[in-house]
Amino acid sequence: FDDLRVRQAVAHALPYDDLFQAVVFGRGKQLSGRADIPADEPFWPPSSRYTTDIEKAKALLAEAGHPEGFSTTMTFNIAEAIYGEPLSILVQEALARIGITVEINRVPASQYGQLMDDKQVPLFFERSSSLLRFPDYAYHIFFSQEWRWNFGSLRSEEMDQLIADASVETDSAKYNEMARRMAEIAAEQVPVIMLWHPPIGMATRSEIEGYTYAMHQGPDFRTFKHA
């Protein structure tokens, strides 16, 4: 997956609509597999214009020197099996259509964490969230640095410089241009494929009100009160 063409082939092979419906039942905001992304789409989380195109995926794979495909593994944390299992099976079936044989690797959380730290998983499913939605912060976490959270191990001097510059930019127009370019680099390089932005749902008793989102998909309990 060091070859951009292989990553692009995978991006064109995935059944985005099926994944969105089967794994999260169509709840949330689909980020990939959309051809209708508006010009004013937020820069984080980034949407992708990659859509399912099996013939294009096969052509990219052949161009990368894998006309017959290859074998790899798809890993997920069994604590996330409610998402990881259906997603991995659909990915396995989809990539088989372009010649990539996928073995599903189900591992416990402790082993999964170590594998991720050591960058020993070629394909994997991960759920994560950004503490803040500022693009310079989020791209710094997920598309820069030598650490686990740079899931796709992107190495881009341009991205690093944009992040550094944006973090101290006070002109909103200039900041937005930097953020736009960050999103473009993420889309061009395909280090990871962001599938959806999940909904934040909270079930409460009828007399409870004051729900406020805090961070990491959790509520701020300080604002809860009896109606």
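Around atom CZ of Phe125, more than 12 heavy atoms belonging to other residues, nucleotides or ligands sit under 6.0 Å away.
Tyr137 OH to Trp44 CH2: the interatomic distance, rounded to the nearest 0.5 Å, is 10.5 Å. Atom CZ of residue Arg222 and atom CZ of residue Phe224 lie 12.0 Å apart, to the nearest 0.5 angstrom. Atom-to-atom distance recorded for Ser156:OG and Leu162:CG is 7.5 Å, nearest 0.5 angstrom.
In this structure a side-chain-to-backbone donor-acceptor pair under 3.5 Å is present from Arg7 to Asp2. With hydrogens and angles disregarded, a donor-acceptor distance shorter than 3.5 Å links the side chain of Thr223 to the backbone of Gly210. In this structure, Glu169 contributes its side chain and Asp171 its backbone to a donor-acceptor pair below 3.5 Å. Side-chain atoms of Ser32 do not come within 3.5 Å of backbone N or O of Ser48 as any donor-acceptor pair. Remark: the backbone N or O of Leu14 is paired with a side-chain donor or acceptor of Thr52 at under 3.5 angstrom.
Ion pairing between a basic and an acidic side chain is recognised when a charged N comes within 4.0 Å of a carboxylate O; Arg155 and Glu146 show such pairing. Classification of Lys174 and Glu177 as a salt-bridged pair fails, no side-chain N sitting under 4.0 Å from a carboxylate O.
Linking ILVMFWY residues whenever their side-chain heavy atoms come closer than 4.5 Å, directly or via other members, leaves Val192 and Leu4 in distinct clusters.
Shown here are the side-chain contact (heavy atoms from CB on, under 4.5 Å) partners of His140, two or more places apart in sequence or in another chain: Gln145, Trp147, Ile163. Remark: Phe143 engages Tyr139 in a ring pair (Phe, Tyr, Trp, His ring centres under 6.0 Å) (not counting sequence neighbours). Residues satisfying the salt bridge (Lys or Arg N to Asp or Glu O under 4.0 Å) criterion with Arg148, sequence neighbours excluded, are Glu126. Residues satisfying the ring pair (Phe, Tyr, Trp, His ring centres under 6.0 Å) criterion with Phe70, sequence neighbours excluded, are Phe1, His66.
Evaluation of the side chain to side chain donor-acceptor pair (under 3.5 Å) test over residues 10-22, restricted to residues two or more places apart or in two chains, returns Asp17-Gln30. Under the salt bridge (Lys or Arg N to Asp or Glu O under 4.0 Å) criterion, the residue pairs touching residues 92-119 are Glu85-Arg106, with sequence neighbours excluded.
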Where do Ser144 and Asp160 land on the side-chain hydrogen bond (donor to acceptor under 3.5 Å, both in side chains) test, with the steps shown first?
CA-CA 6 Å; Ser144 184; Asp160 292 344; 2.7 Å; yes
